[in-house]
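Taking it in order: structure first as structure tokens, then the write-up.
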Number of protein chains: 4
Amino acid sequence: MGTRERRAMEKQLRQNQILDAARNLLFSSGIDNISMNKIAKHAELGIGTIYFYFKSKHEIFIALQMEGVALLYSRLETIHKKKIRSDEKLRLIGRSFYQFCEDHNDYYDIINYFLSSPKIFFEPELKTKVDMSGKKITALIEEVVCQGIKENIFEKEDAGKFAILFFGSLYGLMQFKKFENTILASQTHKDIYEYSIEKLIKSLK
Amino acid sequence: MGTRERRAMEKQLRQNQILDAARNLLFSSGIDNISMNKIAKHAELGIGTIYFYFKSKHEIFIALQMEGVALLYSRLETIHKKKIRSDEKLRLIGRSFYQFCEDHNDYYDIINYFLSSPKIFFEPELKTKVDMSGKKITALIEEVVCQGIKENIFEKEDAGKFAILFFGSLYGLMQFKKFENTILASQTHKDIYEYSIEKLIKSLK
Amino acid sequence: MGTRERRAMEKQLRQNQILDAARNLLFSSGIDNISMNKIAKHAELGIGTIYFYFKSKHEIFIALQMEGVALLYSRLETIHKKKIRSDEKLRLIGRSFYQFCEDHNDYYDIINYFLSSPKIFFEPELKTKVDMSGKKITALIEEVVCQGIKENIFEKEDAGKFAILFFGSLYGLMQFKKFENTILASQTHKDIYEYSIEKLIKSLK
Amino acid sequence: MGTRERRAMEKQLRQNQILDAARNLLFSSGIDNISMNKIAKHAELGIGTIYFYFKSKHEIFIALQMEGVALLYSRLETIHKKKIRSDEKLRLIGRSFYQFCEDHNDYYDIINYFLSSPKIFFEPELKTKVDMSGKKITALIEEVVCQGIKENIFEKEDAGKFAILFFGSLYGLMQFKKFENTILASQTHKDIYEYSIEKLIKSLK
DNA sequence: CATGAATGAGCATTCATTCAT
DNA sequence: TATGAATGAATGCTCATTCAT
């Protein structure tokens with residue numbers, strides 16, 4: 001392995017080291033309690049070093065968000081690759097998103113962070129990056145719907161619109177998890193979520 | 001009017017004065033730019049006085065959130081009172097929520113703030129308050145659905161669950177507004193939103 | 001003494017405490033080594049307290065500058081009040097400025113700071129404040145010149161212009177003090193300065 | 001061309017490359033926004049490389065300052081070479097300095113930076129370098145005055161002293177440019193400057 | 001020669017909150 | 001009731017410089 005390659009690898013390593021620290025922090029103290037100095041301390045690096053690898057805090061957040069979306073995407077992709085009916089795929093996708101949010105509170109928080117932050121907040125360049133990574137998710141859902149239409153499982157439909165409805169709805173519903181003991185009263189959040197998946201799928205038929 | 005009553009009224013007055021200032025600030029500088037000192041200056045009161053009437057910043061935010069929800073509720077209520085078919089009611093409710101978000105970016109931001117902040121964030125007491133105010137919204141939707149079922153416009157249905165699906169979905173979809181030029185690509189957000197309303201209503205039939 | 005008066009006095013006191021700290025720091029470590037945190041530590045106050053009394057670092061600098069100019073002005077005023085010929089007054093003013101720079105290296109540095117900082121640097125409001133304080137100096141010189149003209153000591157002259165030439169020249173010359181051992185070579189700076197005063201005065205006759 | 005010479009030339013080249021970057025930065029973002037890292041990036045060189053050619057930021061600044069002074073000097077020299085009366089020369093020199101400050105705000109700022117920084121600031125060695133480059137300016141003026149004396153245009157005079165008065169005055173007056181709308185009130189800065197040149201010249205006669 | 005990763009002190013400023021009066 | 005002075009930890013970020021490779 002040449003010097004250059006080793007250098008590149010080390011650079012990658014450091015970046016991961018920083019991202020690891022940030023992710024840990026995110027997980028343990030919530031998104032509002034991450035600061036660059038804390039990340040540095042956690043990563044056992046000088047604060048300057050952090051800035052050497054990431055231009056700003058935003059950039060770290062975005063890297064994390066993209067990690068999260070990539071992880072979610074890979075889960076959904078696995079489902080998409082299965083040889084099963086499209087309606088079943090949608091069902092599994094819905095559940096998979098739920099599971100993802102449960103398993104990765106950290107990534108969920110950060111995706112949420114981007115989805116819910118006021119409109120103009122990130123520099124356009126970064127925003128586009130984030131958005132595009134999100135687009136992969138809805139695109140995948142769209143494909144599933146298209147497939148279902150081809151298979152005559154679903155009615156003819158604007159698959160692109162439905163994909164956004166589907167993902168947007170599930171995202172919105174996830175937020176209600178925190179109302180389990182108040183608004184939701186007697187119902188469990190999980191039940192409502194499952195019900196919603198079915199309802200949405202049925203609306204395609 | 002007795003002393004006690006006058007006292008109570010004055011208290012109410014002061015509280016409103018503070019809330020007015022906070023609301024103005026929220027509107028003019030965004031949710032991230034509100035500080036207690038700024039509120040005090042705006043309200044032309046001492047900072048100590050603010051803390052006399054609200055014991056924390058959270059409390060002020062919650063009061064504002066409740067205002068927002070109340071405003072939204074009153075809009076929805078107006079619709080509910082109309083003598084129209086339940087499906088039309090749902091349609092109008094959906095649109096009304098959209099309009100509300102457009103008209104009251106300030107309240108939208110603050111409702112969003114509560115809906116999207118990490119799970120354990122507020123003292124339980126305050127949280128309950130917030131949640132309950134939100135419950136009124138879903139309860140109203142539930143009523144509309146029940147009515148529709150009675151009228152045989154909708155199929156028999158778990159109205160409570162549907163209400164949450166309906167409101168959760170629309171809320172989730174609203175967040176995608178900011179992707180109008182990226183994820184949504186060729187579609188307008190408004191179209192997708194309208195499409196979603198119809199889809200959801202249809203799923204009841 | 002009422003409460004209000006005591007309060008006002010205490011406020012004044014604190015402000016002076018802060019300004020004292022800043023002035024000391026300025027004197028001991030030069031203008032580039034003053035930071036708000038250092039001022040706070042020196043003043044034995046919390047950093048927040050500093051910001052309670054002064055909106056920004058600029059404001060402290062400006063307060064200091066105005067102190068300095070006021071001090072210089074008072075020295076010049078004393079001269080102006082004397083019952084002596086105007087040419088002698090100018091001579092004393094020139095020397096007085098020199099002495100002032102020697103005695104108050106700290107104030108000299110800060111006046112210099114304002115005089116030599118790039119054009120657009122301060123918020124207009126603050127800039128005006130500073131400028132106006134400076135104007136008093138040139139206005140006083142102008143008066144002296146006018147008086148000299150009336151007394152027929154000086155030729156008829158645009159006193160306003162000359163005042164600026166006079167003060168500007170002396171200011172510029174002061175900067176050359178630091179070249180005493182290099183550019184100035186065999187001459188002493190003081191000699192050149194004295195020579196310049198005389199030359200400028202003579203040019204009025 | 002031997003190896004050694006080529007080496008020397010390459011060195012010169014690199015230095016210029018760095019200086020170019022620094023100059024550009026100086027011009028485009030002002031003296032307070034230059035950092036070694038920025039210079040490196042601009043010059044498309046490693047930061048280490050910069051430090052190989054200049055051992056500190058000061059050294060770069062000094063190189064730039066000397067460039068500036070050299071440029072000013074060359075302008076003045078052109079005037080000095082003309083076959084015109086010495087008084088006219090002084091007039092043109094004065095105007096030329098004014099024009100130089102207007103044309104080269106960047107160099108003006110950096111010359112100013114050296115002229116106005118607190119006394120002991122640079123390592124003696126560097127300071128001497130800077131000072132000497134400045135000396136050339138006053139020496140040239142001195143020559144002009146000497147010539148004028150020889151030509152009997154000017155009275156017998158200590159030309160060295162006058163040169164410093166002349167240049168110091170004009171430098172000081174330039175600083176007042178920024179007060180055009182405040183202290184200077186109704187007068188234009190340019191008028192005052194012109195007036196001053198004349199006054200200074202007349203004082204020689 | 002040339003590189004660029006690493007440092008960490010330092011910066012100006014903000015802010016929710018407390019508490020003596 | 002009402003005030004507002006005081007706090008100090010915390011924030012994101014910059015920068016000149018070093019040094020191992």
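Everything quoted here is computed from the prediction, not taken from an experiment. So you know, we letter chains A, B, ... as the sequences are listed, proteins then strands, and number each from 1.
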(request) State whether a side-chain donor-acceptor pair under 3.5 Å links Gln65(B) with Tyr113(B). (result) no

(request) Tell me what Ile34(D) touches on the nucleic acid: a base, only sugar-phosphate, or nothing, going by heavy atoms under 4.0 Å. (result) sugar-phosphate

(request) Could you tell me the separation between the CG atom of Asn37(B) and the C1' atom of dT17(E), rounded to a whole number of Å? (result) 9 Å

(message) Just the rounded figure in Å: distance from C1' of dT7(E) to CD of Gln17(A).
(response) 14 Å

(request) In whole angstrom, give the distance that lies between atom NZ of Lys55(D) and atom P of dC19(F). (result) 16 Å

(request) By nearest nucleotide on DNA chain E, pick out whichever of Asn33(B) and Asn33(C) is the more 5' one. (result) Asn33(C)

(request) Would you classify Tyr51(C) as touching base, sugar-phosphate or nothing, given that sugar-phosphate means primed atoms plus P, OP1 and OP2, and contacts are heavy atoms under 4.0 Å? (result) base

(message) Using a 4.0 Å heavy-atom cut-off, does Tyr53(D) contact any base of the nucleic acid, only the sugar-phosphate backbone, or nothing at all?
(response) sugar-phosphate

(request) Tell me what Ser35(D) touches on the nucleic acid: a base, only sugar-phosphate, or nothing, going by heavy atoms under 4.0 Å. (result) sugar-phosphate

(message) Between Ile50(B) and Leu45(C), which residue's closest nucleotide on DNA chain F lies nearer the 5′ terminus?
(response) Ile50(B)

(request) Go through dT18(F), dA12(E), dA9(E) for me and flag the one nearest to the Lys57(C) side chain. (result) dA12(E)

(request) Tell me what Ile39(B) touches on the nucleic acid: a base, only sugar-phosphate, or nothing, going by heavy atoms under 4.0 Å. (result) nothing

(message) I need the minimum non-hydrogen distance between Asn112(C) and Ser116(D), along with the two atoms involved.
(response) OD1-O, 3.0 Å

(message) Rounded to whole Å, how long is the line connecting atom CZ of Phe61(D) with atom P of dT17(F)?
(response) 11 Å

(request) Name the closest nucleotide to the Ile47(C) side chain, picking from dT7(F), dG8(E), dT13(E). (result) dT13(E)

(request) Both distances under 3.5 Å, Watson-Crick or G-U wobble: report the partner of dG8(E), or none. (result) dC15(F)

(message) Can you tell me how far apart CE (Met36(C)) and CD1 (Ile47(C)) are? Round to the nearest 0.5 Å.
(response) 5.5 Å

(message) Rounding to an integer number of Å, can you tell me how far Gln15(C) CD sits from dG4(F) P?
(response) 15 Å

(request) Write down the distance between CD (Glu59(C)) and C1' (dT13(E)), rounded to a whole number of angstrom. (result) 14 Å

(request) Select one nucleotide: of dG4(F), dT11(F), dT1(F), the one nearest the side-chain heavy atoms of Phe52(B). (result) dT1(F)

(request) Could you grab the distance from atom NZ of Lys11(B) to atom OH of Tyr53(B), nearest 0.5 Å is fine? (result) 7.0 Å

(request) Quick one: look up who dA20(F) pairs with, Watson-Crick or G-U, both distances under 3.5 Å, and put none if it's unpaired. (result) dT3(E)

(message) Between dC1(E) and dT21(F), how many Å separate the two C1' atoms, rounded to a whole number?
(response) 13 Å

(message) Just to be sure I understand the rule, does Ile60(B) reach a base, reach only the sugar-phosphate, or reach nothing, if contact means heavy atoms closer than 4.0 Å?
(response) nothing

(message) Quick check on dT1(F): is either OP1 or OP2 less than 4.0 Å from any side-chain nitrogen or oxygen of Arg14(B)?
(response) no

(request) Evaluate the side-chain contact (heavy atoms from CB on, under 4.5 Å) criterion for residues Val69(D) and Ile111(D): first the C-alpha distance (whole Å), next the side-chain angles of each, then the deciding distance (0.1 Å), finally the verdict. (result) CA-CA 8 Å; Val69(D) 172; Ile111(D) 289 175; 4.1 Å; yes

(request) For Lys38(A) and dG12(F), give me the distance from atom NZ to atom P, rounded to whole Å. (result) 9 Å

(message) Using the side-chain heavy atoms of Met36(D), tell me which of these nucleotides is nearest: dC1(E), dA16(F), dT14(F).
(response) dA16(F)

(request) Let me know the distance between NE2 of His58(B) and C1' of dT17(E), rounded to the nearest Å. (result) 13 Å

(message) Looking at every non-hydrogen atom in both residues, tell me the closest pair between Leu25(A) and Ile39(A) and how far apart they are.
(response) CD2-N, 3.7 Å

